[in-house]
Protein chains: 2
Amino acid sequence: MNFNTEFVNKLRISGLRPTKQRIKICEILFNREKTFHFTINDLSKMISEKLNEKISLATIYNTIHAFKKKGYLKEISINSDKSYFDTNTSIHHHFYDEDTNQLIDCNEDDINEVKINNNLTGKKINSVEVLIKVASDNQNQN
Amino acid sequence: MNFNTEFVNKLRISGLRPTKQRIKICEILFNREKTFHFTINDLSKMISEKLNEKISLATIYNTIHAFKKKGYLKEISINSDKSYFDTNTSIHHHFYDEDTNQLIDCNEDDINEVKINNNLTGKKINSVEVLIKVASDNQNQN
DNA sequence: ATACTTATTATAATAATTCTAAACTATTGA
DNA sequence: TCAATAGTTTAGAATTATTATAATAAGTAT
C-alpha cells in the first residue's frame, strides 16, 4: 500500500503541488496517532535523521507556513525565542514545561471553558489561547 | 519636586544600583497612569526621542531583564518575532490586535476565571496566560 | 579619596527567520 | 508527448532580535 496517495490528494485538493519534499514532511507530521508539537529545528533534525535526501531549511519553512495557512497546523506562542507548531488544529490549550521545553496538550477536563466578552468594537476574535507554564516542584526558584 | 528620589529608593531597595540609565528608564516606564505595553524597540525609540543622552541597546536589554527578574515587569508571549513587556504585573490576560500589533489589557469582566486542574506530577504551575487575538471585523481574511 | 564591585558601552556573535535569484519540477494544453 | 508556464526548491545572503565580550565608567563602602 502506498501512503503517499493520501497526502498527494490532500495536497492537491488544498491547491499545493504534491512535491517530494511536501509529501515527506506530511509523512513525518501526520502519520502518527498523537498530536505532534515541534519547532522548525526539531523537524529539520528529524528529516536529516530519517531521510536519505535532504530538504533545505527554506523549504521546511515554506512548507510549514503553507500548511499553517491551509489550516493543517497551528502555531503556538511560547517564550519568544522559537515558534512551536502543533498538528492538532482544534481549539485546545497547552502546558509548557519550562524544564524540558516541551508542549503538552491540555485535555478538556484540565481546564474550564474560557469565555470571552468581546468589548472591542469592530474587532472579531480570531483565537483564544491559554498557556500554562509549569516547572519542577523543587525549590529551585531561579 | 524631584521624581527621581522615588525611583532611586526603589532601585536601591531592590538591590539595583540607581544609575542614570535605570532612572531614566523607570521614568519612562513607571511615571504613567495606565499599564504600558512595549517592545524593546518601542522603548528604545522613546528613549532616543525623549532624551538628549543615548542609552545603549545592551543596557536597555539588561535593565528590562533586571526589572523583570525583580518582578516589576511581565513578559508576554505573542507571535514569536518579538518580546512584549507589561508594567502591569498582576495576574491578568490580554487582547492582541493583529492589525495594529497592540496589546490591550483584559479586564476581569472580559473573561471568566480560568481554573486549571494540574495532573502533571512533580510540576507546579508558574503562570497561566490567556491571549485573545483579534482583528478587524471586515472580511479581509488574510 | 581609595579600592572594590557593578553597570554601561560599542562591537561582535548567535540564532531564528526571511529574501533572492537561479535551477528545477509539476501541470496544462496543444 | 512535449513544450510552455507557473509554482517549488535550493544555497546562500540578508535581516532581525537578542546575547556575549571585554574594556571603560560609575556607584558604594571604608
Side-chain angles (χ1 to χ4, degrees), chain A residues 4-5 7-28 37-48 51-70 73 75-85 101 142, chain B residues 4-5 7-26 28 37-48 51-70 72-73 75-85 101 103:
Chain A
N4 291 3
T5 316
F7 295 125
V8 169
N9 289 337
K10 285 198 176 167
L11 285 167
R12 234 191 288 267
I13 287 163
S14 315
L16 296 171
R17 285 192 181 168
T19 64
K20 229 173 32 207
Q21 293 86 342
R22 284 171 176 170
I23 294 164
K24 287 290 177 193
I25 291 174
C26 279
E27 286 172 350
I28 289 175
H37 300 112
F38 63 96
T39 64
I40 295 288
N41 190 39
D42 294 337
L43 180 55
S44 176
K45 269 187 199 154
M46 292 180 72
I47 290 170
S48 47
L51 263 57
N52 297 15
E53 317 110 84
K54 294 198 162 88
I55 300 181
S56 83
L57 242 195
T59 299
I60 297 174
Y61 273 100
N62 288 342
T63 302
I64 294 310
H65 286 140
F67 288 1
K68 182 192 167 190
K69 206 167 205 168
K70 295 297 177 184
L73 291 173
E75 192 169 359
I76 314 292
S77 314
I78 317 283
N79 281 318
S80 58
D81 50 343
K82 261 176 212 148
S83 272
Y84 281 75
F85 294 90
N101 296 321
N142 188 23
Chain B
N4 291 3
T5 316
F7 295 126
V8 169
N9 289 338
K10 284 198 178 168
L11 285 166
R12 233 192 287 270
I13 287 163
S14 314
L16 297 170
R17 285 190 180 169
T19 64
K20 231 174 30 210
Q21 293 86 343
R22 284 172 176 169
I23 293 163
K24 287 290 177 194
I25 291 174
C26 279
I28 290 175
H37 299 112
F38 64 95
T39 63
I40 294 287
N41 191 37
D42 295 337
L43 179 57
S44 175
K45 270 188 197 149
M46 294 180 71
I47 290 170
S48 47
L51 262 58
N52 296 16
E53 317 111 82
K54 294 199 163 86
I55 300 181
S56 83
L57 242 195
T59 298
I60 297 174
Y61 273 100
N62 288 341
T63 301
I64 294 309
H65 286 140
F67 288 2
K68 183 191 166 192
K69 207 167 204 167
K70 294 297 178 184
Y72 301 136
L73 291 172
E75 191 168 0
I76 314 292
S77 315
I78 318 283
N79 282 319
S80 57
D81 50 341
K82 262 176 210 145
S83 271
Y84 281 75
F85 294 89
N101 295 323
L103 270 176

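Chain A is the first sequence line, chain B the second, and so forth, proteins listed ahead of strands; every chain is numbered from 1.
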Touch check for [X], heavy atoms < 4.0 angstrom, all strands: base, sugar-phosphate only, or nothing?
{"X": "A:S56", "result": "base"}
{"X": "B:T59", "result": "base"}
{"X": "B:S83", "result": "sugar-phosphate"}

Send over the distance from [X] [atom1] to [N] [atom2], rounded to a whole Å.
{"X": "A:K82", "N": "C:dT18", "atom1": "NZ", "atom2": "C1'", "answer": "18 Å"}
{"X": "B:F67", "N": "C:dA7", "atom1": "CZ", "atom2": "P", "answer": "11 Å"}
{"X": "A:L57", "N": "D:dA14", "atom1": "CG", "atom2": "P", "answer": "18 Å"}
{"X": "A:I64", "N": "D:dT8", "atom1": "CD1", "atom2": "C1'", "answer": "15 Å"}
{"X": "A:I60", "N": "D:dT9", "atom1": "CD1", "atom2": "P", "answer": "11 Å"}
{"X": "B:N41", "N": "D:dA17", "atom1": "CG", "atom2": "P", "answer": "6 Å"}
{"X": "A:K24", "N": "D:dT8", "atom1": "NZ", "atom2": "P", "answer": "19 Å"}
{"X": "B:N62", "N": "C:dA10", "atom1": "CG", "atom2": "P", "answer": "13 Å"}

B:K20 vs B:Y61, nearer the 5' end of DNA chain D by closest nucleotide: B:Y61

Could you check if a side-chain atom of [X] sits within less than 4.5 angstrom of a side-chain atom of [Y], using non-hydrogen atoms only?
{"X": "A:Y84", "Y": "A:N101", "answer": "yes"}
{"X": "B:Y72", "Y": "B:C26", "answer": "no"}
{"X": "A:L16", "Y": "A:T63", "answer": "no"}
{"X": "B:F38", "Y": "B:L73", "answer": "yes"}

OP1, OP2 of [N] versus side-chain N and O of [X]: anything below 4.0 Å?
{"X": "B:T19", "N": "C:dT8", "answer": "yes"}
{"X": "A:R17", "N": "C:dT25", "answer": "no"}
{"X": "B:Q21", "N": "C:dT9", "answer": "yes"}
{"X": "A:H65", "N": "C:dT17", "answer": "no"}
{"X": "B:R12", "N": "D:dT28", "answer": "yes"}

Straight-line distance of B:I64 CD1 to B:I40 CD1, nearest 0.5 Å: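 It is 5.0 Å, given to the nearest 0.5 Å.
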
Side chain of A:A58 - closest among C:dT27, D:dT8, D:dG12: D:dG12

